[in-house]
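A short worksheet on the structure shown next.
Counting convention: from 1, in listed order, for ligands and their atoms alike. Computed from heavy atoms alone, side chains included, the values below leave out hydrogens, waters and symmetry copies.
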Amino acid sequence: MHEIQASLHPDENAPVVNPNIYGHFAEHLGRGIYEGLWVGLDSEIPNRKGLRKDVVDALKELCIPVLRWPGGCFADEYHWKDGVGPRESRKRVYNTHWGGVVENNHFGTHEFFELCEQLGCKTYICGNVGSGAVQEMSEWVEYMTSPSESPMADWRRQNGRQDPWKIDYFGVGNESWGCGGHMRPEYYADEYRRYNTFVRTYGPNPIERIACGANATDYKWTEVLMERAHQHMNGLSLHNYTLLDEKWPPSGSSTEFSEQEWFSILKAAVAMDDLIVKHSTVMDQFDAERRVGLVVDEWGTWYPEEPATVRGFLFQQNTLRDALVAALHFHIFHRHSARVTMANIAQMVNVLQAMVLTEGPGMLRTPTYWVFEIFKLHQGGRLVPIHLKGPEVHGLPAASVSVTEKDGSYTLTAVNIDPNDGATIAIDLKARLVSKARILTAAQMNSHNTFDQPNHVQPVEFVGYSLSESKLHLNLPSKSIVAVDLTF
Ligand code: AHR
């Protein structure tokens, strides 16, 4: 049994956890959009305006703050004009990046905004720098947001939408160092400045602009972008996937793994902390006031695809190990809330570390889904810095804890990464009442949900706590995640 001592250091200047840290990403990739979200108006699968009801209803429970679309690598080959107008006459194109399948463009701009409306979330659109012209990007923004008489706004009206929509965030290219054009940072910085100039603001709503940021440890990219273009951006992105032994290409398996591989993946997840510290340090040199957010708009586990699934569709199962990866990421993002203003897990449905998986009319919630659900009260809470003293396992702290405060309540989440031993945590926390306590754990490290047993891994009430005098005592079973809401 690991014994952990924790002390809280409330600080009214501590940062607020931006709700956008709980953001999502949906790309035209595999069965992420088609089948996963969009089934079309004539489908036998129950849908609202073509969007499947079961999936949207499940996602709504997560209070999703923001959704990034249409890619990913797909974004730099996406030509938005192919995806508006009558669906039956939309252009059918080849999805070169993902599985070489035909993209019928039935899910386009109008359908994306409908999805965001149904989810009640903000919009984050990624524009095409790699293979699209400045004019194309500029016209897309005009189409979506212009309230006046103008060629693109008129076309939007002809296509059935009177009022402009609101773009909250606009990404100027994706992975411009790789699939988005293999550019050098110096070249992209100039391209960013040029394209961004024509992302015009129409009407009263300003658009926050996100520049394409670094791949994992590429600190030079961050330095060049900040030096040459920080005045023109609201956010700079960072992509980092959790890979076995931190090595590309993905190896291992989502469900068949050893204890050593359990720790390898958790170690790779914890490496996010070091990445954020180092990228933030570079950003601080040019932006000491932290005006520019670090936007981790692709993160999550990436394993080889499930056997007998289509190559390039990136379909993987999701176990208790993935749930711990998500929980550890959130604790890291919380700690760095002063700089990290958004994070978007890759991806929302049927792709990589997904929230839900579908098979025909069937749908299941993954263990990762449940982390988003039990952590959701952290959104918008003020961070309460916490210091932990306790043992390590395999070179990693056995436990991780995060506390936020909002409207007279604390939300506390704790993770015990040890697959064999429990952990006790005593926290000096002046709380009076536990209003809700839940635990997510399972018998095996690789426990997961299947279409036969969709509720095998799900949170249940947590009873392993006591509140005495000013201390909260938690008794965490091995490999578990606990969420406790308290009032003080
Ligand atoms: O999420 C899958 C892919 O990973 C995205 O398309 C790309 O941006 C990244 O390399």
**Message:** Between I276 and L294, is there a side-chain heavy-atom distance shorter than 4.5 Å?
**Reply:** yes
Which segment of [X] sits under 4.0 Å of ligand 1 when only heavy atoms are counted:
| X | answer |
| --- | --- |
| W98 | side chain |
| W302 | side chain |
| V351 | neither |

Mark yes when over 12 heavy atoms from residues, nucleotides or ligands other than [X] sit less than 6.0 Å from its [atom1]; otherwise mark no.
| X | atom1 | result |
| --- | --- | --- |
| K267 | NZ | no |
| Y219 | OH | yes |
| E117 | CD | yes |

Only heavy atoms of [X], strictly under 4.0 Å: list the atoms of ligand 1 that pass.
| X | result |
| --- | --- |
| G72 | 5 (C), 6 (O), 8 (O) |
| C73 | 5 (C), 6 (O), 7 (C), 8 (O) |
| Q347 | 1 (O), 2 (C) |
| L352 | 1 (O), 2 (C) |
| N174 | 8 (O) |
| F25 | 1 (O) |
| E27 | 1 (O), 2 (C), 5 (C), 6 (O) |

**Prompt:** Considering distance alone, does some N or O of C179 sit under 3.5 Å from an N or O of ligand 1?
**Reply:**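 No.
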**Prompt:** Do T358 and E35 have side-chain atoms, one donor and one acceptor, less than 3.5 Å apart?
**Reply:** no
Starting from [atom], find the nearest protein heavy-atom neighbour and note its residue, name and distance.
| atom | value |
| --- | --- |
| atom 10 (O) of ligand 1 | E175 OE1, 2.8 Å |
| atom 7 (C) of ligand 1 | E298 OE1, 3.3 Å |
| atom 1 (O) of ligand 1 | Y241 OH, 2.7 Å |

**Message:** My understanding is that only one of F170, Y169, W80, F112 makes a ring pair (Phe, Tyr, Trp, His ring centres under 6.0 Å) with W69; could you say which?
**Reply:**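 One option only clears the test, and that one is F112.
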**Asked** Which residue, H97, H28, H79, forms the ring pair (Phe, Tyr, Trp, His ring centres under 6.0 Å) with F74?
**Response** H28
**Message:** Among I417, N416, L440, which residue satisfies the side-chain contact (heavy atoms from CB on, under 4.5 Å) criterion with S480?
**Reply:**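 Checked I417, N416, L440 against S480; only one passes side-chain contact (heavy atoms from CB on, under 4.5 Å): N416.
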**Identified salt bridge (Lys or Arg N to Asp or Glu O under 4.0 Å) partner of D82 from the options R87, R92, K91, R90** =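 Only match with D82 under salt bridge (Lys or Arg N to Asp or Glu O under 4.0 Å): K91.
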**Request:** Taking the six-membered ring of Y369 (Phe, Tyr or Trp), confirm whether the NZ or CZ of R365 is under 6.0 Å from its centre and within 45° of its axis.
**Result:** yes
**Item:** Any F74 heavy atom less than 4.0 Å from ligand 1
**Value:**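 Heavy atoms of F74 never come under 4.0 Å of ligand 1.
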